[in-house]
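To start, the structure under review is shown below, and the notes come after it.
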Amino acid sequence: MVVTLIVCMLLSGCAGRRSVAADEFTAACESAGFTLTDESAYYAAMQIDTVLLHVEGNTSIGYYHFVNAADAKSQYAQLFSQLNMGSSEEKFIDSAEYNRYYASTDNAYALLYRNGSNLIHIIGTDGESLEKIVDQLGI
């Protein structure tokens, strides 16, 4: 029975799904050496409750909590369309409640992650430091 459950989770893509809270994301970023700025006040009119950002040099890290999942999914689609790294390492999963895009090359790293109303992007050239965030969050 346990084997069947694991196989079903792997086939459905459910194994890596998890919702990440803003404080958990902040802690993971700080642990990897990145400081986030709360930009929520600037996005309130756009139906986004929480916006935490780090933008410096070639690194862009963001956490967004949208009022509704449809807006998060739309923003994910827009970001996804802009990230074509042309890497053989590109991997993505798309479903109604969950999206994940990952790509890595010798000089670039990108992760887009949406679960429900939460959207995370982690993009930059310091793949080792950025990967620490992803590993800590388990996404």
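Positions are given from 1 along the sequence.
- Counting only distance, with no hydrogens or angles, the side chain of T26 and the backbone of A22 share a donor-acceptor pair below 3.5 Å.
- Nearest approach of K132 to A32, heavy atoms of both residues: CB-CB, 4.1 Å.
- Atom CD1 in I133 sits 9.5 Å away from atom CD1 in I120 (nearest 0.5 Å).
- Atom-to-atom distance recorded for K91:NZ and Y101:OH is 11.5 Å, nearest 0.5 angstrom.
- Across all non-hydrogen atoms, the minimal contact from D38 to S40 is OD1-OG, 2.6 Å.
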N/O donor to acceptor pairs below 3.5 angstrom from side-chain atoms of residues 41-61, sequence neighbours left out:
| unit_1 | atom_1 | unit_2 | atom_2 | d |
| --- | --- | --- | --- | --- |
| D49 | OD2 | H65 | ND1 | 3.4 |
| H54 | ND1 | T35 | O | 2.9 |
| S60 | OG | H121 | NE2 | 2.7 |

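- Take F25 and apply the ring pair (Phe, Tyr, Trp, His ring centres under 6.0 Å) test, not counting sequence neighbours, and it matches Y63.
- Two residues are said to be in side-chain contact when any heavy atoms from C-beta on lie closer than 4.5 Å; L79 and L119 meet this criterion.
- The minimum heavy-atom distance between G116 and A72, with the atom names listed, is O-CB, 3.6 Å.
- Annotation: side chain of L111 is in contact with side chain of I139 (closest heavy-atom distance under 4.5 Å).
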Would Y109 and I122 count as a side chain to side chain contact (heavy atoms under 4.5 Å, CB included) here? Give the steps. CA-CA 8 Å; Y109 178 92; I122 301 172; 4.1 Å; yes
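- Here the straight-line distance linking atom NZ of K73 with atom CG of D94 works out to 7.5 Å at 0.5 Å rounding.
- Aromatic pair Y113/Y76: centroids not less than 6.0 angstrom apart.
- For the residue pair D71 and N68, a side-chain donor N or O sits within less than 3.5 Å of a side-chain acceptor on the partner.
- The CD atom of E97 sits 7.0 Å away from atom CG of N115, with the distance rounded to the nearest 0.5 Å.
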Would you please test F80 and N99 for side chain to side chain contact (heavy atoms under 4.5 Å, CB included) and show each step? CA-CA 10 Å; F80 179 78; N99 306 92; over 6 Å; no
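- When all heavy atoms of S19 and E24 are compared, the pair lying nearest together is O-OE1, 4.2 Å.
- Between the side chain of R114 and the backbone N or O of A77, no donor-acceptor pair lies under 3.5 Å.
- Using a 4.5 Å cut-off on side-chain heavy atoms (C-beta onward), L130 and F34 make contact.
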Evaluate Q75 against F66 for side chain to side chain contact (heavy atoms under 4.5 Å, CB included), listing each step before the verdict. CA-CA 10 Å; Q75 183 63 37; F66 290 79; 3.7 Å; yes
